[in-house]
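These notes are about the structure you will find just below.
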Amino acid sequence: MSNSTITADFRRCAHCDESLTGKRPQARYCGELCRDRARRRRDREAGRSSQARKGYPKTRPNRQLYKPGHRFGSLVLIERRGEVNGSQRVACQCDCGTVREYNLSNLVSGATVRCSDRSQHAHPLAKGDDITYSGAHNRTKAKRGSASSYRCWKCGEQASDWAYSHTDPDEKRMDDGREAGMPYTTDPMRNLPMCRACHQLFDSITAPRMVASGVATSSPALVLAWAYCADRPGMRDDDA
């Protein structure tokens, strides 16, 4: 009959120096608490932070996916400025030179690909000269305001409509619809504020005479066109 040999376990926890009796052979700590405390102590001694401090980015700069120099369409990231209301804000410079701040999520998703400076970039929905009769009048109203805020160019009373001056050499006409055949311009500065009565007289009498005489295309300046109308007998007062 053989006698069993009992070996004493002299292992100790690397943090609290408690006995590791009953722990697995490779165990260094008596529990998770000692393991975490030992890790934090090592981080302090090495000058590292165990957790991200408030106000600092959670992701280290060298591990960030979008770094300064990254391009989003016409925008180039130049600086990360932290979070504002839960959104990561970054400063970007557009190819046109404009520097503005944007939400990083909008840049990554493709919702923002250029700066919003309309003097440098046309609106993405702008159609240029490919607009209808109604669109041309809406463009004039958007650029110059409502015609009712002006005086009628003919009688001096309060205007109500924007009337086409017939001085655009590239005037357009609708092929179909309610405005089919009606001339119009895509240039808001070639429309005149008029009252309803003067507008009707202008379209029925004055404008045809201007077109027939050639002033409509030979003199694009509105002031010269009106000076011509005033000098011609019966051109200013259509009922004469």
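Residue Arg89 holds its CZ atom at 8.5 Å from CG of Asn106, rounded to the nearest 0.5 Å. Atoms CG and SG, on Asp203 and Cys198 in that order, are 11.5 Å from each other to the nearest 0.5 Å.
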- Kindly determine whether Glu101 and Val90 satisfy side chain to side chain contact (heavy atoms under 4.5 Å, CB included), including the steps that lead there. CA-CA 6 Å; Glu101 199 171 282; Val90 295; over 6 Å; no

- Item | Working for side chain to side chain contact (heavy atoms under 4.5 Å, CB included), residues Gln93 and Thr98 | CA-CA 6 Å; Gln93 182 174 10; Thr98 304; over 6 Å; no

- Message: Would Glu171 and Tyr164 count as a side chain to side chain donor-acceptor pair (under 3.5 Å) here? Give the steps.
- Response: CA-CA 10 Å; Glu171 69 178 20; Tyr164 171 41; 2.7 Å; yes

- Task: Evaluate the side chain to side chain donor-acceptor pair (under 3.5 Å) criterion for residues Thr21 and Ser19: first the C-alpha distance (whole Å), next the side-chain angles of each, then the deciding distance (0.1 Å), finally the verdict.
- Result: CA-CA 6 Å; Thr21 302; Ser19 174; 2.7 Å; yes

- Query: Should Gln158 and Tyr150 be marked as a side chain to side chain contact (heavy atoms under 4.5 Å, CB included) after you check the CA-CA gap, both sets of side-chain angles, and the distance that decides it?
  - Reply: CA-CA 6 Å; Gln158 184 181 18; Tyr150 295 81; over 6 Å; no

- Query: So Lys67 and Arg80, side chain to side chain contact (heavy atoms under 4.5 Å, CB included) or not? Walk me through it.
  - Reply: CA-CA 8 Å; Lys67 304 176 184 179; Arg80 298 176 70 106; over 6 Å; no

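Cluster membership for Phe10 and Leu20, using ILVMFWY side-chain heavy atoms within less than 4.5 angstrom, is not shared. Linking Ile, Leu, Val, Met, Phe, Trp and Tyr residues whenever their side-chain heavy atoms come within less than 4.5 Å leaves Leu75 and Ile78 in two separate clusters. Both Leu65 and Leu104 sit in one connected hydrophobic cluster of ILVMFWY residues. Membership requires side-chain heavy atoms under 4.5 Å apart, directly or through other members.
Across Arg41, Glu45, Arg39, a single residue satisfies side chain to side chain contact (heavy atoms under 4.5 Å, CB included) together with Asp43, and that is Arg39.
Between the side chain of Ser165 and the backbone N or O of Asn191 there is no donor-acceptor pair closer than 3.5 Å. In this structure a side-chain-to-backbone donor-acceptor pair under 3.5 Å is present from Thr140 to Ala136. With hydrogens and angles disregarded, a donor-acceptor distance shorter than 3.5 Å links the side chain of Arg144 to the backbone of Pro188. Remark: the backbone N or O of Ala147 is not paired with any side-chain donor or acceptor of Lys141 at under 3.5 angstrom. Formation of a donor-acceptor pair under 3.5 Å by the Arg11 side chain with backbone atoms of Pro25 is found in this model. A donor-acceptor pair under 3.5 Å links the side-chain atoms of Thr132 to the main chain of Gly135, judged by distance alone. Between the Ser109 side chain and the Ser105 main chain, a donor and an acceptor come within less than 3.5 Å of each other. Between the side chain of Arg71 and the main chain of Gly73, a donor-acceptor pair closer than 3.5 Å is present. Panel note: side chain Asp187, backbone Met189; a donor-acceptor pair is recorded below 3.5 Å.
Heavy atoms only, all atoms of each residue included: Tyr29 and Cys13 are closest at CA-SG, 3.7 Å. The minimum heavy-atom distance linking Ser204 with Pro208 is given by the pair O-CG, 3.5 Å. Counting all heavy atoms, side chain and backbone alike, Met194 lies closest to His199 at SD-CA, 3.9 Å.
Within 6.0 Å of atom CZ in Arg151, 12 or fewer heavy atoms from other residues, nucleotides or ligands are found, so the atom counts as exposed in its surroundings. Residue Arg12 qualifies as enclosed at atom CZ: its count of foreign heavy atoms under 6.0 Å is above 12. For CZ of Arg28, the number of neighbouring non-hydrogen atoms (other residues, nucleotides, ligands) closer than 6.0 Å is 12 at most.
Close placement of the Tyr66 and Phe72 rings is indicated, their centers lying within 6.0 Å of each other.
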